[in-house]
Amino acid sequence: MASEPVPLNGLARRLVEENIIPTDTALNASEEARKKGVPFVSYLVQNGHAEARTIAASASEEFGVPFMDLAAFDLEAIPRDLVKEKLIRQHHALPLVRRGVRLFVAVSDPTNLQALDEIKFHTGVSTEAVLVEDDKLTTIIEQYLSAAEDDGLGDLEDDELMDLDLEAVDDDAEPDDDGASGTDDTPIVRFVHKMLLDAIKGGSSDIHFEPYERSYRVRFRTDGVLHEVTSPPANLGSRLAARLKVMAELDISERRVPQDGRIKMKLSKTKAIDFRVNTLPTLWGEKIVLRILDPGSAKMGIEALGFEEIQQERLMEAIHKPQGMILVTGPTGSGKTVTLYTGLNILNTDERNIATAEDPVEINLEGINQVNVNHRVGLDFASALRAFLRQDPDVVMVGEIRDLETAEIAIKASQTGHMVLSTLHTNSAAETLTRLRNMGVPAFNLATSVNLIIAQRLARRLCPSCKEPMDVPKETLLAEGFTEEDLASDPEIFQPKGCSKCKEGYKGRVGIYEVVKITPEMQRIIMEDGNSMQLAAQAKELGFDDLRRSGLMKVLQGVTSLKECNRVTTGH
């Protein structure tokens with residue numbers, strides 16, 4: 001032991017006397033810890049001056065406080081809602097067990113009597129210190145507070161929430177009978193803001209707020225797959241719904257019918273995100289779904305969408321024709337809107353007059369005249385199209401062809417010197433033509449107006465940081481649809497693994513496309529009223545890859561997994 005007296009007190013002196021740390025390190029650490037507002041022991045451990053276990057063993061012997069290994073402690077045994085998060089973080093102390101009128105508190109510095117006194121004051125029970133290693137205490141505190149936040153709203157102390165600007169927020173609205181707008185509901189406001197921010201950060205496309213009889217859950221759709229992120233108390237459901245409806249400027253007193261609205265969140269002076277909001281009355285309250293509309297997704301360029309080189313060439317050729325029709329087809333959430341908007345951005349020049357009719361307008365595009373369809377006042381796709389044709393358009397985009405009237409006007413526009421872009425809900429390019437015939441569109445009009453049909457799906461991309469090779473027998477690959485030519489070079493097939501940078505081994509999505517050009521051979525089959533099977537066979541003969549083949553190409557390129565390809569192209 002050091003023979004000279006050390007100008008230090010408490011734990012610092014003991015550590016110096018046992019030669020665990022030098023005097024100057026102890027003095028400097030005490031001063032720096034005080035300046036930064038962190039515990040002395042935490043400063044030593046975080047900066048590598050001493051090991052947490054060594055400090056704990058020395059402190060236990062010096063002060064006669066029992067030592068405990070937190071690694072063996074059950075997190076579920078910690079009493080909930082007994083001490084506030086602010087107090088736990090401030091004193092770096094965590095209540096572990098309550099035995100009658102005694103509360104055992106985990107600390108890494110037994111001289112921190114202020115922590116024990118304040119916890120005793122707030123809980124009304126006697127406190128006793130239990131000495132633990134500082135690094136393990138930090139870990140278990142974070143685990144405890146994260147679990148508490150998942151169970152309820154938590155304190156939500158996120159500085160980034162303070163920077164948000166929600167344009168449609170009306171905090172002065174009259175409170176409803178749930179008291180949704182009162183100051184007592186500030187945690188509700190911050191919780192909703194946090195959910196919106198987390199969804200944006202995680203690259204989610206939708207947020208679901210769902211009430212049930214005894215529970216409530218919030219789910220994000222990320223890379224096309226829904227997953228639960230938190231489950232706040234069920235009794236907060238009506239307040240969460242009211243808050244979201246106020247933000248979207250909806251009628252908070254009307255809970256019997258669905259409503260639609262929008263929220264605009266300004267993340268910075270140059271970056272804003274729109275949310276499309278829909279409410280749905282369910283058995284246990286209003287389910288609210290927010291679709292995240294990122295304007296940046298429409299401006300990322302055609303190269304980022306995932307088209308094969310030959311497919312991209314066909315699309316560019318069709319887009320730059322002076323007239324005709326391009327149809328994009330696929331189920332809801334398959335990326336049709338982004339494909340159309342990308343095409344519109346390419347065409348958006350000063351020389352062109354572009355108009356769109358959408359239900360609703362999802363992303364605002366500068367330089368394009370966008371019209372929101374409003375059925376309540378008689379403004380449907382057909383009436384909007386008629387108006388467009390009287391406004392000297394060059395390019396017209398119709399959100400969706402749903403009926404014969406809209407189809408006939410769109411085809412007429414494409415035959416009279418206009419480029420028309422639109423969508424349908426069908427499963428393949430061939431079925432799109434059959435669907436229009438079934439609507440009542442004459443075969444001659446179809447054959448002479450449609451230039452290109454794109455069928456598409458979205459598949460999750462494998463995470464480049466953790467994807468790993470997968471050993472698959474050649475016979476299995478051939479059975480999946482790969483050709484002998486595909487396998488001649490012995491390509492690597494990858495599978496998801498999962499890491500801190502991704503979700504379940506996937507990160508982002510890529511498009512899988514079937515791009516079919518309407519050739520004279522295809523026109524002949526249309527004129528002869530051929531069915532979708534004949535059209536599909538002809539497309540294959542002409543070298544147009546179907547969705548399955550395009551998906552398998554993405555597997556060979558290592559972009560996605562065989563399992564994901566099967567999920568989006570076969571449903572298995």
Side-chain angles (χ1 to χ4, degrees), residues 80-81 145-156 158 161 164 166 168-171 173-265 273-293 332-333 360 503:
R80 296 281 177 186
D81 304 322
L145 294 178
S146 295
E149 184 174 301
D150 287 342
D151 290 341
L153 299 182
D155 284 346
L156 301 172
D158 191 337
L161 297 180
L164 296 182
L166 289 109
V169 175
D170 181 9
D171 285 331
E174 290 294 320
D176 69 346
D177 54 7
D178 288 312
S181 301
T183 55
D184 290 342
D185 275 18
T186 299
I188 297 286
V189 173
R190 298 175 69 195
F191 175 75
V192 170
H193 289 200
K194 180 174 171 58
M195 289 297 99
L196 303 190
L197 190 67
D198 286 351
I200 292 170
K201 284 180 178 177
S204 302
S205 61
D206 301 85
I207 312 172
H208 293 239
F209 293 85
E210 302 172 310
Y212 298 97
E213 183 178 10
R214 294 185 178 87
S215 64
Y216 192 97
R217 69 177 175 181
V218 180
R219 293 191 291 174
F220 292 171
R221 186 179 294 280
T222 307
D223 295 337
V225 178
L226 275 170
H227 62 278
E228 185 173 330
V229 291
T230 187
S231 181
N235 62 355
L236 296 180
S238 60
R239 296 182 182 182
L240 289 169
R243 174 60 187 167
L244 288 163
K245 288 165 73 175
V246 166
M247 292 165 66
E249 295 184 339
L250 301 177
D251 183 356
I252 61 173
S253 64
E254 179 56 79
R255 302 186 183 96
R256 300 164 298 175
V257 296
Q259 296 185 63
D260 291 291
R262 290 175 82 95
I263 299 170
K264 179 181 283 292
M265 176 185 282
I273 300 286
D274 282 356
F275 296 85
R276 191 179 75 204
V277 183
N278 177 264
T279 72
L280 179 70
T282 68
L283 194 60
W284 305 109
E286 286 179 290
K287 171 174 178 173
I288 299 182
V289 176
L290 281 67
R291 165 64 58 87
I292 301 172
L293 310 172
T332 301
K503 190 161 191 68

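Nothing here was measured: the structure is a model prediction, and the numbers come from that model.
- Within the 4.5 Å cutoff, the side chain of L236 has no heavy atoms near those of the F191 side chain.
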Q | side chain to side chain contact (heavy atoms under 4.5 Å, CB included) between L290 and M195, worked out | A | CA-CA 11 Å; L290 281 67; M195 289 297 99; over 6 Å; no

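- Among residues two or more places apart in sequence or in another chain, the salt bridge (Lys or Arg N to Asp or Glu O under 4.0 Å) test is passed with R276 by E362.
- At a threshold of 4.5 Å between non-hydrogen side-chain atoms, the residues M247 and F275 do not count as touching.
- The shortest side-chain heavy-atom distance between P281 and R255 does not fall under the 4.5 Å cut-off.
- Nearest approach of I292 to A199, heavy atoms of both residues: CD1-CB, 3.7 Å.
- Annotation: side chain of D198 is not in contact with side chain of V229 (no heavy-atom distance under 4.5 Å).
- Atoms CD1 and CD, on I252 and Q259 in that order, are 10.0 Å from each other to the nearest 0.5 Å.
- Between T222 and G203, the shortest heavy-atom contact is CG2-O, 4.4 Å.
- The closest side-chain heavy-atom distance from K245 to I288 is below 4.5 Å.
- Ring planes of F220 and H227: perpendicular class, angle over 60° (limits at 30 and 60°).
- With a 4.5 Å cut-off on side-chain heavy atoms, L240 and V218 do not count as touching.
- One distance of note links NZ of K287 with OG1 of T279; it measures 12.0 Å at 0.5 Å rounding.
- Applying the side chain to side chain contact (heavy atoms under 4.5 Å, CB included) rule to D223 yields the partners R460, R509; only residues at least two apart in sequence or on another chain are considered.
- Under the 4.5 Å side-chain criterion, counting only non-hydrogen atoms from C-beta, R291 is not in contact with R221.
- Once rounded to the nearest 0.5 Å, the distance linking CD of E210 with OG of S231 reads 10.5 Å.
- L197 CG to R190 CZ: the interatomic distance, rounded to the nearest 0.5 Å, is 12.5 Å.
- Under the side-chain hydrogen bond (donor to acceptor under 3.5 Å, both in side chains) criterion, E228 pairs with no residue, sequence neighbours left out.
- Remark: E286 CD to L244 CG distance equals 10.0 Å, nearest 0.5 Å.
- Of all heavy-atom pairs spanning P211 and G285, the tightest one is CG-C, 3.7 Å.
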Q | side chain to side chain contact (heavy atoms under 4.5 Å, CB included) between I273 and L196, intermediate numbers included | A | CA-CA 10 Å; I273 300 286; L196 303 190; over 6 Å; no

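- Here the side chains of Y216 and F209 are in contact, with some heavy-atom distance below 4.5 Å.
- Contact record, D260 with L250: O-CD2, 3.1 Å, taken as the closest heavy-atom pair.
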